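A short worksheet on the structure shown next.
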Amino acid sequence: MLKRTCTCGELTRDRLGDEVILNGWVDGRRDHGGLIFIDLRDRYGLTQVVFEPGSPDAADLADPLAAAHSLRNEFVVAVKGVVNARLPGKENPKLKTGAIEVRAVEFEILNASPTPPFEIQGAEANEELRLKYRYLDLRRPALQAVFELRHRLTQLMRNTMSELGFWEVETPILGRSTPEGARDFLVPSRVKSGDFYALPQSPQLYKQVLMVAGFDRYFQIARCFRDEDLRANRQPEFTQLDVEMSFVEHEDVMSTMEILVARLAKEFAGETLALPLPRIDYHDSMERYGNDRPDLRFGMEIRDLADVAAKTDFKVFQAALAEGKRVRGLCAPGGGTRYSRKDLDGLTEFIAGFGAKGLVWLKVEADACTGPTAKFFSPEVQAELRSKFDANVGDLILIVADESHVTSQSLSNLRLRLGLELSLYDPKAFRYCWVVRFPLLAWDAEEKRFAAEHHPFTMPLPEDLHLLDTAPSKVRAQAYDLVVNGEECGGGTIRIHDPAIQSKVFALLGLTPEQAEEKFGFLLSALKNGAPPHGGIALGLDRLVMLYAGLTNIRDCIAFPKTARGADLMTGAPNTVDPKQLRELRVRVVE
RNA sequence: GGGGAUGUAGCUCAAUUGGUUAGAGCACCGGCCUGUCACGCCGGAGGUUGCGGGUUCGAGCCCCGUCAUCCUCGCCA
């Protein structure tokens with residue numbers, strides 16, 4: 001074959017007169033009858049090739065037009081030719097190689113291709129088709145740019161961690177199923193039939209063992225598996241930068257990771273971060289933003305309105321307060337003029353999806369607030385409400401009265417929707433923060449016991465240790481989440497290395513010492529054998545790529561992603577297997 | 001498991017209240033064209049309206065079921 005001497009993205013006027021060979025895909029053909037242009041594409045760019053009979057360069061090509069005429073989009077070809085300057089005024093400023101063209105001397109079709117099911121050059125294509133023909137989809141320059149970014153981001157992580165003294169260590173993919181957390185993907189053992197491996201939800205326990213082993217600083221670009229339902233930002237297998245450090249407290253982990261985050265911000269957002277990044281208490285985040293992953297690109301914070309509500313004649317508010325529920329709201333700048341009655345009905349319906357039974361709205365107008373319930377608010381109460389939000393004429397005050405978690409859920413989602421609809425932020429901006437001091441435990445009403453908010457080895461805050469015995473639900477953890485633009489991009493904790501504290505936590509989780517031993521025996525044993533104080537974090541690599549690439553969907557930054565039902569449309573996985581395979585594994589499919 | 005949206009030509013979409021032979025742009029095929037780069041011009045081919053049933057004189061449109069994709073609640077230590 002004619003092997004390439006250069007790529008389709010590199011030729012400029014510096015190479016005029018050179019004979020070169022290009023390899024690539026036909027990106028387009030412009031057939032003028034007596035003169036044919038072919039755009040040749042590879043990962044590096046696009047180069048125009050000209051087939052012109054009678055040109056002195058084409059002397060060796062018997063019938064250049066017939067040759068070029070037979071080419072179709074996505075054919076793989078090799079072209080030998082001479083680098084020529086384009087005719088004056090015919091340069092294409094949109095291309096890196098737009099000043100030159102290659103006059104074909106010789107060419108070879110390396111592979112033909114049928115008409116693609118969608119246009120590689122076009123922007124639009126049904127995602128189902130794109131996933132089925134992923135090799136064509138991934139040929140598109142926009143997708144290739146994402147994967148170049150992903151590569152650079154991964155390299156920056158590796159290099160930074162290495163530079164900071166971390167060792168990259170691989171941990172098993174076939175591991176042990178452990179309770180708590182997400183549903184495991186299970187792999188049947190053939191040798192020990194009836195038993196199963198589990199794919200790691202994260203390398204959590206292994207990395208703690210590495211700390212006991214004295215590795216001191218560990219990282220891994222780790223694949224993790226969780227058998228839970230998918231979302232726009234969630235895949236059943238995903239990649240984390242997994243990190244663990246010895247002899248540290250939570251501030252050490254955060255400040256170390258901030259070095260990396262600052263480099264990411266510099267490289268991929270062109271921004272110099274002010275360190276340390278803001279820390280927000282979990283409790284504050286829930287109060288002000290209604291969730292534990294605040295989007296700090298805009299304000300419009302949620303306010304508690306219990307005191308104002310108490311002064312209204314509105315029975316819904318009075319009843320809610322009497323029942324110990326909460327009244328909270330937010331003020332959308334310009335929302336009063338922007339939203340019609342019908343839009344507001346839409347917002348009410350929107351929050352109904354989060355369990356809210358109603359939405360009280362008040363448009364702030366020059367002399368008074370208006371709305372169906374405005375009559376319950378005296379002028380004094382209206383004034384108090386306006387001042388609480390620093391509301392201006394044209395704003396929209398939205399209030400929800402309900403159980404605390406319902407007000408949080410509905411208002412946080414309302415806030416995000418309004419922020420987008422009212423263009424309250426620059427979609428290209430990045431805002432980072434740490435959410436800290438999470439509760440250690442969450443009450444599981446169904447199971448009537450506490451469940452670990454993060455995982456069962458999370459260390460309480462020192463000042464809350466005494467509450468383990470008296471008020472476990474009030475104990476806060478040495479846990480921290482990295483949040484970027486309202487997206488949870490990482491989370492970690494300091495681990496318990498004191499057996500006494502660990503026993504107490506297990507007891508709160510409803511685990512007897514025997515059960516704990518059975519489920520986590522290897523880790524407990526390791527922790528007893530000279531475990532250093534340690535802690536770590538994992539960053540969601542896919543999500544970071546998604547954010548920096550400006551994507552709203554995690555599938556677009558994973559080479560071979562799965563659909564919402566966990567299917568790989570290209571390979572057809574998951575699929576049925578040969579009964580012989582099942583027999584070997586002693587696995588039977590139950591109808 | 002629940003809720004919502006979508007499914008019409010290879011692709012992206014249209015098709016009035018249920019009413020003639022289901023259209024357009026792009027792509028594709030053929031012809032013409034020596035400076036295009038979203039080439040242009042002329043012509044052509046291309047449809048199980050996701051699938052199955054039903055209502056109706058008549059269904060792309062209405063009803064029931066089903067499948068797939070997307071968003072979402074639950075779930076995701």
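Residue numbers begin at 1 in each chain, while the letters A, B, ... track the order of the sequences. Values in this document were obtained by computation on a predicted structure and should not be read as measured data. Values below: every heavy atom of this structure, side chains too, minus hydrogens, waters and symmetry copies.
- For the pair Phe185(A) CZ and rC76(B) C1', the interatomic distance rounds to 12 Å; values are reported in whole Å.
- When both distances must be under 3.5 Å, the Watson-Crick or G-U wobble mate of rU20(B) does not exist.
- Note: CD1 (Ile351(A)) to P (rU72(B)) measures 19 Å, nearest angstrom.
- Here the two rings, on Phe506(A) and Phe520(A), have centers that are under 6.0 Å apart.
- The interatomic distance linking Asn73(A) (CG) with rC26(B) (P) rounds to 15 Å, in whole Å.
- Comparing rU8(B) with rG3(B), their C1' atoms sit 26 Å apart, to the nearest whole Å.
- Distances shorter than 4.0 Å separate none of the side-chain N or O atoms of Arg231(A) from OP1 or OP2 on rC71(B).
- Counted by atom type alone, Asp568(A) and Thr571(A) present one or more donor-acceptor pairs between their side chains at under 3.5 Å.
- In this structure, Glu128(A) atom CD and rC71(B) atom P are separated by 12 Å, rounded to whole Å.
- The interatomic distance linking Leu230(A) (CG) with rG74(B) (P) rounds to 16 Å, in whole Å.
- Evaluation of the salt bridge (Lys or Arg N to Asp or Glu O under 4.0 Å) test over residues 537-547 of chain A, restricted to residues two or more places apart or in two chains, returns Arg150(A)-Asp542(A), Glu487(A)-Arg543(A).
- For Arg176(A) and Tyr197(A), the positive end is not near the middle of the six-membered ring at less than 6.0 Å and at most 45° from its axis.
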Q) Step by step, would you call Glu488(A) with Arg293(A) a salt bridge (Lys or Arg N to Asp or Glu O under 4.0 Å)? A) CA-CA 6 Å; Glu488(A) 184 195 327; Arg293(A) 44 184 179 85; over 6 Å; no
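- Taking atom P in both rC37(B) and rC26(B), the straight-line distance is 15 Å, to the nearest Å.
- In this structure, Phe238(A) atom CZ and rC76(B) atom P are separated by 13 Å, rounded to whole Å.
- Counting any heavy atom pair closer than 4.0 Å across all strands shown, Gln121(A) reaches no nucleic acid atom.
- With a 6.0 Å radius and a threshold of 12 heavy atoms from other residues, nucleotides or ligands, Gln121(A) has its CD atom above the threshold.
- Put simply, the side chain of Arg234(A) and the base of rC76(B) share a donor and an acceptor less than 3.5 Å apart.
- Side-chain contact check for Ser177(A) and Asp184(A): at least one donor-acceptor pair (N or O, by modelled atom type) lies under 3.5 Å.
- Base pairing analysis places rC28(B) opposite rG44(B); the two distances defining the Watson-Crick or G-U wobble pair are each below 3.5 Å.
- In this structure, Phe37(A) and Arg29(A) have side chains that are not in contact, with every pair of non-hydrogen atoms separated by 4.5 Å or more.
- Nucleotide rC76(B) forms no Watson-Crick or G-U wobble pair with any nucleotide shown, as no partner meets the under 3.5 Å limit on both distances.
- Contact of the Cys6(A) side chain with the Leu11(A) side chain is registered, since non-hydrogen atoms from C-beta on lie closer than 4.5 Å.
- Residues passing the ring-ring contact (aromatic ring centres under 6.0 Å, His included) test with Phe450(A) are Trp443(A), sequence neighbours excluded.
- rA38(B) is unpaired under the Watson-Crick or G-U wobble criterion, no partner having all donor-acceptor distances under 3.5 Å.
- Among the atoms of the strands shown, none is found under 4.0 Å from any heavy atom of Thr458(A).
- Nucleotides rA22(B) and rC61(B), compared at atom P, are 15 Å apart to the nearest Å.
- For rU20(B) and rG58(B), the C1' atoms lie 12 Å apart once the distance is rounded to whole Å.
- The side chain to side chain contact (heavy atoms under 4.5 Å, CB included) test with Val77(A) singles out one residue from Val49(A), Ile38(A), Ile109(A), Asn23(A), and that residue is Ile109(A).
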Q: Using a 4.0 Å heavy-atom cut-off, write out nucleotides 32-38 of chain B from 5' to 3' as B (base contacted by protein), S (sugar-phosphate only) or - (no contact).
A: -BBBBBS
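- Note: Phe107(A) and Phe51(A) meet the aromatic proximity criterion, with ring centroids under 6.0 Å apart.
- Between the P atoms of rC39(B) and rC29(B), the separation comes to 15 Å (whole Å).
- Comparing rA59(B) with rC64(B), their C1' atoms sit 15 Å apart, to the nearest whole Å.
- Contact annotation: Arg72(A) side-chain N/O to rC29(B) OP1/OP2 distance is under 4.0 Å.
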Q | Under 4.0 Å protein heavy-atom contacts per nucleotide of nucleotides 7-15 of chain B, with B for base, S for backbone only and - for none | A | ---BSS---
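- For Thr563(A), a side-chain nitrogen or oxygen approaches OP1 or OP2 of rU69(B) to under 4.0 Å.
- Closest-nucleotide positions on RNA chain B for Pro456(A) and Arg565(A) were compared, and the one nearer the 5' end corresponds to Arg565(A).
- With respect to Arg103(A) and Glu52(A), a salt bridge is recorded, a charged nitrogen being found less than 4.0 Å from a carboxylate O.
- Taking atom C1' in both rC71(B) and rG60(B), the straight-line distance is 25 Å, to the nearest Å.
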Below 3.5 Å is the cut-off: list the nitrogen or oxygen pairs between protein and nucleotides 1-3 of chain B, distance only.
| residue | atom | partner | partner atom | Å |
| --- | --- | --- | --- | --- |
| rG1(B) | O6 | Asp229(A) | OD2 | 3.4 |

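- In this structure, the CZ atom of Phe350(A) is 16 Å from the P atom of rA5(B), given to the nearest Å.
- Nearest-nucleotide positions on RNA chain B for Glu228(A) and Asn553(A) put Asn553(A) closer to the 5' end.
- Separating the CG atom of Asp481(A) from the P atom of rC76(B) is a distance of 15 Å, rounded to the nearest angstrom.
- Heavy atoms of Leu46(A) sit nowhere under 4.0 angstrom from any nucleic acid atom.
- Between rU72(B) and rA24(B), the distance separating the two C1' atoms is 34 Å to the nearest Å.
- Within 4.0 Å (heavy atoms only), Arg555(A) reaches sugar-phosphate atoms of the nucleic acid but no base atom.
- When both pairing distances are held under 3.5 Å, rA68(B) makes a Watson-Crick or G-U pair with rU6(B).
- Scanning for salt bridge (charged side-chain N to carboxylate O under 4.0 Å, His left out) contacts around Arg43(A) gives an empty result, with sequence neighbours left out.
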